[in-house]
Amino acid sequence: MTTISQGYADRVSRHLALNRTDLSAMGVIAQSTAQGQVVSAGDLARRLTMSPAAVTALVDRLERAGHVHRERDGRDRRRVVLHLTSHAGQVSAAMFQPLSQHLRGALSTYSDEELDIVARVLDDAIEASEVALAQALPQVPTAAPSRLFGHQTPPSRQPAPQDPMKEPTHEQGERKHPAAQDHR
């Protein structure tokens, strides 16, 4: 189901000239607004696990597209909060109204008891995934601080070990592109 819903969002967002991050940001703002909360760029950065600079570029892009506007927080004038525009609401409705309509139709064939069971199963699966993630993260190795500050080459940038059974490539300095070979 996740793959299908992600594919749906990807295809519709491409049609509307949005990307996945744009949609995620708009979703965070919409969900927070529905819960009576406001979202700052910093909140958005934390929720989307993005750098402040990347979120600034994201918000600039959404603002230029007419989906978001910035406003000074009424309680703390130093803080800028983000709001979706009515245009964003129209875009969201165009994207998700057909999906919502068809899902409601599909789910209408089930009894409340059956839907309660499905909801419990999904809640339990989500909770189990969250517990597993919390247990797995401390065990997954992370980059050492010295690597983060350029003292060592991160593993992802180090040359891959050579396979002794494989011919060396041009990057390894021994094999050249056919056009660059000497044809005497």
Side-chain angles (χ1 to χ4, degrees), residues 1-68 82-143 147-148 154-158 160-161 163:
M1 178 70 181
T2 300
T3 303
I4 293 170
S5 62
Q6 287 174 350
Y8 178 91
D10 286 343
R11 289 184 66 192
V12 173
S13 65
R14 273 194 308 272
H15 178 73
L16 296 170
L18 296 170
N19 64 44
R20 176 71 65 92
T21 307
D22 295 343
L23 286 180
S24 296
M26 290 170 64
V28 166
I29 297 167
Q31 186 178 37
S32 297
T33 301
Q35 295 170 350
Q37 301 169 349
V38 293
V39 177
S40 69
D43 297 332
L44 199 56
R46 282 186 292 285
R47 299 266 304 271
L48 297 176
T49 61
M50 295 175 68
S51 71
V55 167
T56 298
L58 165 69
V59 173
D60 288 346
R61 186 172 60 248
L62 289 174
E63 193 170 42
R64 278 191 308 273
H67 299 304
V68 168
L82 308 171
H83 297 281
L84 293 179
T85 64
S86 59
H87 173 67
Q90 293 168 352
V91 167
S92 178
M95 285 182 64
F96 295 107
Q97 205 166 29
L99 177 62
S100 177
Q101 178 184 353
H102 287 280
L103 285 175
R104 274 195 311 275
L107 296 176
S108 69
T109 63
Y110 296 96
S111 70
D112 288 344
E113 293 80 22
E114 290 171 316
L115 292 173
D116 286 342
I117 291 170
V118 170
R120 276 193 9 240
V121 167
L122 292 174
D123 286 344
D124 290 348
I126 290 168
E127 184 178 339
S129 297
E130 289 170 347
V131 169
L133 180 62
Q135 290 175 352
L137 284 181
Q139 298 174 22
V140 176
T142 59
R147 289 186 186 151
L148 295 175
S156 63
R157 305 228 182 216
Q158 291 177 354
D163 181 352

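Note that the coordinates shown come from a computational prediction; the quantities given were computed from them, not determined experimentally.
- Side-chain contact between Q97 and S92 is absent, with no heavy-atom pair separated by less than 4.5 Å.
- Between the side chain of S32 and the main chain of V39, no donor-acceptor pair closer than 3.5 Å is present.
- Between F96 and Y8, the angle of the ring planes lies from 30° to 60°, which puts this pair in the tilted group.
- For the pair L23 and D10, the minimum side-chain heavy-atom distance is 4.5 Å or more.
- A donor-acceptor pair shorter than 3.5 Å can be found between the side chains of S100 and R104.
- R47 and S24 are not linked by any side-chain donor-acceptor pair at a separation below 3.5 angstrom, with hydrogens and angles left out of the test.
- Each of D43, V28, I29 was scored for a side-chain contact (heavy atoms from CB on, under 4.5 Å) with L82, with one residue passing: I29.
- Using a 4.5 Å heavy-atom cutoff, the side chains of Q31 and Q37 are not in contact.
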Stepwise side chain to side chain contact (heavy atoms under 4.5 Å, CB included) check, M50 with T21: CA-CA 10 Å; M50 295 175 68; T21 307; 3.7 Å; yes
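- In terms of modelled atom types and a separation under 3.5 Å, the side chain of Q6 and the main chain of T3 share no donor-acceptor contact.
- Shown here are the side chain to side chain donor-acceptor pair (under 3.5 Å) partners of S108, two or more places apart in sequence or in another chain: there are none.
- Here the closest non-hydrogen pair linking A93 and P98 is O-CD, 3.9 Å.
- Scanning all heavy atoms of the two residues, the minimum distance from M26 to A88 falls at CE-CB, 3.8 Å.
- The closest side-chain heavy-atom distance from R61 to N19 is below 4.5 Å.
- Heavy-atom neighbours of Q35 CD from other residues, nucleotides or ligands within 6.0 Å: above the threshold of 12.
- Between the side chain of S129 and the backbone N or O of A125 there is at least one donor-acceptor pair closer than 3.5 Å.
- Remark: R120 does not engage D123 in a salt bridge, criterion side-chain N to carboxylate O under 4.0 Å.
- At a threshold of 4.5 Å between non-hydrogen side-chain atoms, the residues T33 and L84 do not count as touching.
- Looking at L58, L44, L62, D22 one by one, the single match for side-chain contact (heavy atoms from CB on, under 4.5 Å) with V68 turns out to be L62.
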